[in-house]
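This report refers to the structure that appears directly beneath it.
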Amino acid sequence: MNEVVDFINVNRDRYVDELKQYLAIPSISALPQHTGDVRRAAEWTGESLRTAGMQNVRLIDTPGNPVVYGDWLGAPGKPTILFYGHYDVQPVDPLDLWTTPPFEASVRDGEIYARGAADDKGQVFMHIKAIEACIRKTGGLPVNMKFFIEGEEEVGSVHLDEFVRAHKQDLAADVVVISDSPMFDRGIPSICYGLRGLVYFQIDLRGTRSDLHSGSFGGAVANPAFVLAQVLAQMKDRGGRVKIPGFYDDVRPLSDSERAEWKKLPFNETRYRKELGAPRLFGEKGYSTLERVWARPTFEVNGLLSGFTGEGAKTVLPAVAMAKVSMRLVPDQHPDTIAGLFETYVKKTCPPTVEVKVTRMHGGKPWMTEFDNKYVRAAGRAIEKGFGRAPVFNREGGSIPVVSTFQEELGVPSVLFGVGLPDENAHAPNEKLDLGNFHNGIIASAYLYQEIAELT
Ligand code: BES
Ligand code: ZN
């Protein structure tokens, strides 16, 4: 391994230069005008896998964006790793809040800033470079490896369940490795054993055929903006509890042992609050912040639109109001069940004075796993070698829809070893990746393949 690590150290700057090219491709899966860029990012991913020495590299079409596949199967008798990640990124607005342009990666204070730096191109590239170093210096990999990089994660991986089911044989492996999550904190690497699920909706209300003079008509018809506020206000009580009937029925309670483990984590609530710039933290009564984010479901408003929002004042009754809302789910809630409960509740709480349309968008199932297995232990050793410190075990509040599908369809464990940071600004302006973590992550990844190869 020494020559592999030396190679990684020597090539540190080259990796950053190459990553900048990857980050320059605006592969925003949510926006149709970027379909060509998304494809370009797929091709770039494939090309860098080829350069790294992977074989059978190809783009596989799906009804949506292509999947990038590549493998190296030259270690008969050794375990097979399926590495999953995504090359698509989130939209960049509000653009004016970026210090440097989102698709012109810029390095400041040891961090690389660009959309996709942490989520997830930087972390995918980290594994590609680890592979490259192993193949260059040792002529091959210690394990068998399959790369499976998709382009629709940020829009809910809608075509992926079907894809995984149809390609079960091709994707067969002993363990899934994913790097698409933050570490617990700066200097504290972690292995994530649970993710929340998601169900996302758009609510459209219409009050009248057209906007109206609020003097001539105000008081005679319902105002959809106001009705929307009332409907949304019915979703949660003041103690942060979701009021949709049946919402908590399938929630798996947090175990005493998990709760005790999380209490031991070096989490500083005051620092967390200050970094967020929040006057106070707020969440469901009876739970700590980590418990709220990792183990409890929530209802959130993602966006609101109605009426006049320009400068000055305009006396108008808006004709329509729209909200984007989503619920984060925990085991054993099911997106379909929760979607049904939500739709029923909106129809019940919304008065007949407006027309209501509820549109379901993407989502994903929650995931949680037993993490006392040899692969996780191997990852722990590898992370310790790369980062100089053993990882802690955490859950996360975010979602990666395909992870539960891997569990159900492939029946193998997943190891989530992410090198982002809680302040990485994923999905927000000024997304960044710490280059020290990127570098250590390449080394840890190379050790991970070695550690898994040595398992019996
Ligand atoms: N990398 C995130 C998932 C993540 C976020 C894991 C935070 C752990 C902590 C991923 O790219 C993502 O953003 N997923 C979406 C999925 C959704 C669109 C179905 C999410 O969580 O919003
Ligand atoms: Zn994301």
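In listed order, ligands and their atoms are each counted from 1. Quick caveat, the model's predicted, so the values are computed rather than measured.
Residues Arg292 and Glu284 are not paired through a salt bridge, judged by the lack of any N-O separation under 4.0 Å between the basic side chain and the carboxylate. At a threshold of 4.0 Å, the pair Arg271-Asp185 counts as salt-bridged, since one of the basic side-chain nitrogens sits closer than that to a carboxylate oxygen.
For the residue pair Arg50/Ser48, the side-chain donor-acceptor check at 3.5 Å is not satisfied. Side chain to side chain, Thr289 and Glu269 meet the donor-acceptor criterion of an N or O pair below 3.5 Å.
Here is the list of ligand 1 atoms found below 4.0 Å of a heavy atom in His86: 11 (O). Listed by number with element, the atoms of ligand 1 under 4.0 angstrom from any heavy atom of Ile400 are 3 (C). Taking every non-hydrogen atom of Pro401 and a distance limit under 4.0 Å, the qualifying atoms of ligand 1 come out as 19 (C). Taking every heavy atom of Glu396 and a limit of under 4.0 angstrom, the matching atoms of ligand 1 come to 8 (C), 9 (C). Ligand-side atoms of ligand 1 in range of Gly156: 18 (C), 19 (C), range being under 4.0 angstrom from any heavy atom.
Residue pairs satisfying the ring-ring contact (aromatic ring centres under 6.0 Å, His included) criterion with at least one member in residues 420-440, sequence neighbours excluded, are absent.
Heavy-atom minimum distance, Leu23 versus Phe103: O-CD2, 3.4 Å. The minimum heavy-atom distance between Pro189 and Ile383, with the atom names listed, is CB-CG2, 3.5 Å.
Taking 4.0 Å as the cut-off, His427 counts as a neighbour of ligand 1 on heavy-atom distance. Within the structure, ligand 1 has Pro182 among the residues with a heavy atom less than 4.0 angstrom away.
Taking the six-membered ring where the residue is Trp, His127 and Phe417 present perpendicular rings, their angle passing 60° and hence far from 30°. Between Phe163 and Phe148, the ring planes lie parallel to each other; the angle is under 30°, not in the 30° to 60° tilted range.
With Ser181, Ser326, Ser399 as candidates, the residue nearest to atom 3 (C) of ligand 1 on a non-hydrogen basis is Ser399. When the heavy-atom distances from atom 6 (C) of ligand 1 to Val155, Asn302, Asp180, Val199 are ranked, the shortest goes to Asp180.
Checked against a 3.5 angstrom limit, the closest N/O atoms of Gln90 and ligand 1 fall outside it.
Of all protein N/O/S atoms, those under 2.8 Å from the Zn ion (ligand 2) are Asp119 OD2, Glu154 OE1, Glu154 OE2, His427 NE2, and waters are not counted.
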- [ ] Go through the steps to decide whether Arg40 and Ser27 satisfy the test side-chain contact (heavy atoms from CB on, under 4.5 Å), and finish with yes or no.
- [x] CA-CA 8 Å; Arg40 219 151 42 84; Ser27 48; over 6 Å; no

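With a 6.0 Å radius and a threshold of 12 heavy atoms from other residues, nucleotides or ligands, Gln33 has its CD atom above the threshold.
For the pair Arg241 and Tyr248, the distance from NZ or CZ to the six-membered ring centre is under 6.0 Å and the angle to the ring normal is within 45 degrees.
If you check which protein heavy atom lies closest to atom 5 (C) of ligand 1, you get Gly398 CA, 3.7 Å. With respect to atom 22 (O) of ligand 1, the closest heavy atom belonging to the protein is Arg328 NH2, 2.8 Å. Scanning all protein heavy atoms for the shortest distance to atom 17 (C) of ligand 1 gives Leu198 CD2, 3.7 Å.
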